[in-house]
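Okay, so here's the structure we're looking at.
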Amino acid sequence: MLAAPGVGIRRVALPRLLGSLLLVTAAGVSGVGAAQSGAAADSRSTPTGTSPRPLGRTVPAPARVKPAGSPYSLTAKTAIRVESDSAEARRIGDYLAGLLRPSTGHPLPVTGRGADGIRLRLDPQDGGAGDEGYTLRSDPESVTLTARTPAGLFHGVQTLRQLLPARVEEKSRQKGPWQVAGGTIEDVPRYAYRSAMLDVSRHFFSVAEVKRYIDQLALYKLNTLHLHLSDDQGWRIAIDSWPRLATYGGRTEVGGGTGGHYTKDDYKEIVRYASSRYLEVVPEIDLPGHTNAALASYAELNCDGVAPPLYTGTDVGFSSLCVPKAVTYGFVDDVIRELAALTPGKYLHIGGDEAHSTSHDDYVTFMNKAQAVVGRYGKTVIGWHQLTGATPVAGAVAQYWGYDRTGAAEREQVAAAAAKGTKLVLSPADRSYLDMKYDKDTELGLSWAGYVSVRRSYDWDPAVYLDGAPAGSVLGVEAPLWSETLTNSDEIERMAFPRLPGVAELGWSPASTHDWDAYKVRLGAQGPRFSALGIDYYRAPEVPWAAE
Ligand code: ACM
């Protein structure tokens, strides 16, 4: 058996590390263009040079696209018709109106049933679309979105948004026309778990900054926000029974800045906002390593009873909870109980990575006890993949963050656990870590897993990525963003865009749509949308960016 800790090396000072070392149906995406030009040639509805974006030229690529007929034109007469009594459907209608009114300048009243306009239909009998799928039908009379669930309707709204010109995202009035190509999209996600992680520990991000990121994740149909709430450099969530965790352990960050933490009300607001965008928040308290902020806050948590100083550097692997001490389990129980009470979602993440200062036996003892605590408070445990070196409980999820240099024994251990029923979230560091530099010239970020180009982050298949892990064990994918070098939203966006949409597409789109040459064109078409949204993205030379 592998020593659970000690296998990965992450975020260690780089020099040390280096020193030692379609249909859309693809037919869809290409075929759509041709079919669309037929529609675009319909001069009745399409002024020259302003043909609508081809149906299906979205990120993520839809599962099935059938272009047909003439486009829909959104005008001053358009109503948003919520064809359901559901308050949630109504709220989605209001959200859509809120997106479209500033740029179109049209009133877009949110009203009831009718044959024309933008129609939002919640149809619980429409089982074909699953828990998150939707159908979009567009013709000159209406655009109709149908879904079985509000989440499906919301994802359909994101598609509709992307079918409209990028300037629809501007906050000031823009010139039309506002057309949606004619035809049908039937869409359903490939994976149930489509996540992004934000490290709010190495640098603290305000509630407003987190909300901004949530809105960006929603545009690409992600449904999970994993918040890395504690690490050596900062504890970011108020815990009433151990108040110094936040008030002392949260008071600094990498580089010595003032840090910060979320009050319980702040955190509830993040959860509420995420939920309004159909994202579930997965909170992570990283244990038993990555705990210097906790150890600094309470001397009794240390084996020698002495609290270390707060830490503002970027080394990893030097801290550990004291596994033999009883107080450790009182602490874990209190923290997990309070966190579970703040969490309407199913999952709670207990970290488990890089516990280089915990012996293997202690690691196994600790992780097995911590998993039981999560279960006691009604949550499903997620751990970084080192959890598979302990005894994953039934239903546990392991998050794989290995990379090309991860040893065979470690990969095999994870694959063996997957074969026995542990589900996997895949976030390979040299593919989906958004904090890896794009290339040698990238100013922000790290490079211990190598450089991760836009193509590299997109061009892999989750179903076959980890040798020996059954395709059915893959619950989904995540794009983590570690924040040692990132201090604000601009810097977050510079690293996340344009790679985040690629990982989102791996999570959503069927494997049959996977094609870099087609993807890079769809991604390039997102450039003007990023700009309209104020996202300062990296203009990767490998992507043919559309003119603004
Ligand atoms: C990790 O990057 N240590 C999960």
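In listed order, ligands and their atoms are each counted from 1. Since the model is a prediction, treat every value here as computed from it, not as a measurement.
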Q.
When you compare ligand 1 with Trp401, is there at least one nitrogen or oxygen pair between them that comes in under 3.5 angstrom?
A.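 No, no N or O pair falls under 3.5 Å.
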Q.
For ligand 1, which is the ligand I care about here, please tell me if His290 has any N or O atom under 3.5 Å from one of the ligand's N or O atoms.
A.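 There is no such contact.
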Proximal atoms of ligand 1 relative to [X] (non-hydrogen, under 4.0 Å):
{"X": "Tyr433", "value": "1 (C), 2 (O), 4 (C)"}
{"X": "Trp384", "value": "4 (C)"}
{"X": "Trp482", "value": "1 (C), 2 (O), 4 (C)"}

Q. Is any side-chain N of the basic residue among Glu132 and Lys221 closer than 4.0 Å to the acidic one's carboxylate O?
A.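 Salt bridge flag = no for Lys221 with Glu132.
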(Q) Using 0.5 Å steps for rounding, measure from the CG atom of Leu245 to the OG atom of Ser230. (A)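 Output value for this atom pair is 9.0 Å.
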Q) To the nearest 0.5 Å, what is the distance between CZ (Arg202) and CD (Gln233)? A)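 Answer for the CZ-CD pair, Arg202 versus Gln233, is 4.5 Å.
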Q) Heavy atom under 4.0 Å from ligand 1: found in Gln399's side chain, backbone, both, or neither? A)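 No part of Gln399 comes within reach of ligand 1.
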**Q.** Glu478, Gln386, His385 screened by side chain to side chain donor-acceptor pair (under 3.5 Å) with Gln399, the one that passes
**A.**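 Only one of Glu478, Gln386, His385 forms a side chain to side chain donor-acceptor pair (under 3.5 Å) with Gln399, namely Glu478.
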Q) Can you name the nearest heavy-atom pair linking Ser432 to Val503, along with the distance? A)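 Nearest pair, atom of Ser432 first, then Val503: CB-CG2, 4.0 Å.
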